[in-house]
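Presented below is the structure to which this report refers.
We're numbering straight along the sequence, starting at 1.
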Amino acid sequence: IGKVNEAISSTHFIASCKKVPHPSNIHVLINVCARSFNYLLSLALGLHIVSEDWLIQSNRIGKWQHTNDYEVFMDDETYQSLIETSNADRTAEKHGIGTCRKSRILYKSTITHAPLFGYTFFIPPQDIDSRLVGDVAVLKNDQIEMLVRIWGG
């Protein structure tokens, strides 16, 4: 709960990222980060999710830089899944709206107030604990329940 209270009063989430080619334009590089509880919590709260480079450059220059150049486009798992789909399935990404920006826009929406409105989630059995399975974070059930409550479920 303490982590959630800290996140609610935050404006940005700083993520360690890697640069990869944009799903529909290989000449443009985008930031992707690991899918973690903190990342999902930040999505749920509509926070700006930015690369650690934003913090480093802002400190180097001595003032906050605009977040657009440092914004995380999506998590690596979503990116890999998107790359495996056909070009016809990449509608939002063609218009430059990645998962993080879409979440922030939907969070501010007066219609739904639920950043992941329309998504379906599988909640694993109670005996699964938070750990990495391969490169995928498996969340504890209390973390999942917290995210569902924040998302309006």
Side-chain angles (χ1 to χ4, degrees), residues 1-87 89-109 112-122 130-140 142-144 146-152:
I1 299 294
K3 187 180 282 190
V4 173
N5 290 336
E6 288 175 24
I8 288 171
S9 63
S10 298
T11 58
H12 294 73
F13 173 68
I14 312 297
S16 179
C17 296
K18 66 180 178 181
K19 292 204 176 279
V20 296
H22 190 284
S24 61
N25 183 353
I26 62 169
H27 303 294
V28 174
L29 294 178
I30 58 171
N31 291 312
V32 297
C33 68
R35 182 185 295 175
S36 64
F37 173 70
N38 289 332
Y39 168 78
L40 293 172
L41 180 60
S42 299
L43 277 179
L45 295 171
L47 301 182
H48 286 269
I49 302 174
V50 293
S51 162
E52 58 197 2
D53 291 338
W54 173 74
L55 195 57
I56 293 166
Q57 288 300 321
S58 294
N59 184 54
R60 187 178 68 75
I61 294 171
K63 65 178 186 173
W64 294 118
Q65 298 300 294
H66 198 281
T67 58
N68 283 354
D69 293 337
Y70 303 96
E71 186 170 43
V72 174
F73 197 77
M74 62 183 54
D75 65 85
D76 189 49
E77 189 175 339
T78 303
Y79 177 78
Q80 294 302 327
S81 176
L82 185 64
I83 293 303
E84 294 170 6
T85 63
S86 71
N87 285 336
D89 295 334
R90 301 179 187 178
T91 54
E93 286 72 18
K94 283 183 182 177
H95 303 290
I97 302 174
T99 304
C100 299
R101 183 170 295 171
K102 180 179 175 184
S103 174
R104 200 170 60 255
I105 291 168
L106 289 173
Y107 183 82
K108 294 177 181 177
S109 168
T112 63
H113 287 294
L116 299 177
F117 179 78
Y119 283 76
T120 304
F121 294 90
F122 167 73
S130 181
R131 63 184 182 279
L132 284 178
V133 177
D135 290 334
V136 180
V138 178
L139 303 177
K140 294 179 183 176
D142 62 332
Q143 292 173 323
I144 294 169
M146 188 180 309
L147 290 171
V148 170
R149 279 196 306 274
I150 291 169
W151 286 324

Straight-line distance of [X] [atom1] to [Y] [atom2], nearest 0.5 Å:
{"X": "S42", "Y": "F37", "atom1": "OG", "atom2": "CZ", "answer": "9.0 Å"}
{"X": "D53", "Y": "C17", "atom1": "CG", "atom2": "SG", "answer": "7.5 Å"}
{"X": "D76", "Y": "S81", "atom1": "CG", "atom2": "OG", "answer": "11.0 Å"}

message: Run the salt bridge (charged side-chain N to carboxylate O under 4.0 Å, His left out) test against K19 and tell me which residues pass, sequence neighbours left out.
response: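 K19 satisfies salt bridge (charged side-chain N to carboxylate O under 4.0 Å, His left out) with no other residue.
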- request: Please name all residues satisfying side chain to side chain donor-acceptor pair (under 3.5 Å) with E52, sequence neighbours left out, ordered by chain then number.
  value: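 Per chain and number, E52 pairs via side chain to side chain donor-acceptor pair (under 3.5 Å) with no residue.
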task: Using side chain to side chain donor-acceptor pair (under 3.5 Å) as the criterion, list what pairs up with Q65, not counting sequence neighbours.
output: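 Per chain and number, Q65 pairs via side chain to side chain donor-acceptor pair (under 3.5 Å) with no residue.
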query: What residue pairs, at least two apart or across chains, pass salt bridge (Lys or Arg N to Asp or Glu O under 4.0 Å) with a residue in residues 60-75?
result: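 Pairs touching residues 60-75 that pass the test: R35-D75, E71-R101, E71-R104.
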- prompt: If you look only at pairs with a residue in residues 25-34, which of them pass as a salt bridge (Lys or Arg N to Asp or Glu O under 4.0 Å), with sequence neighbours excluded?
  reply: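 The answer is none; no pair qualifies.
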message: Under 6.0 Å between ring centres: does that hold for H48 and W54?
response: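 No - the distance between ring centres of H48 and W54 does not fall below the 6.0 Å cut-off.
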query: Excluding sequence neighbours, so at least two apart, what forms side-chain contact (heavy atoms from CB on, under 4.5 Å) with N25?
result: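 Applying side-chain contact (heavy atoms from CB on, under 4.5 Å) to N25 gives H22, H27, V28.
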- request: List for me each residue that meets side-chain contact (heavy atoms from CB on, under 4.5 Å) alongside N59, sequence neighbours excluded, and say none if there are none.
  value: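 So N59 forms no side-chain contact (heavy atoms from CB on, under 4.5 Å) with any residue.
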field: I26 CD1: over 12 foreign heavy atoms closer than 6.0 Å
entry: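 No, not enclosed.
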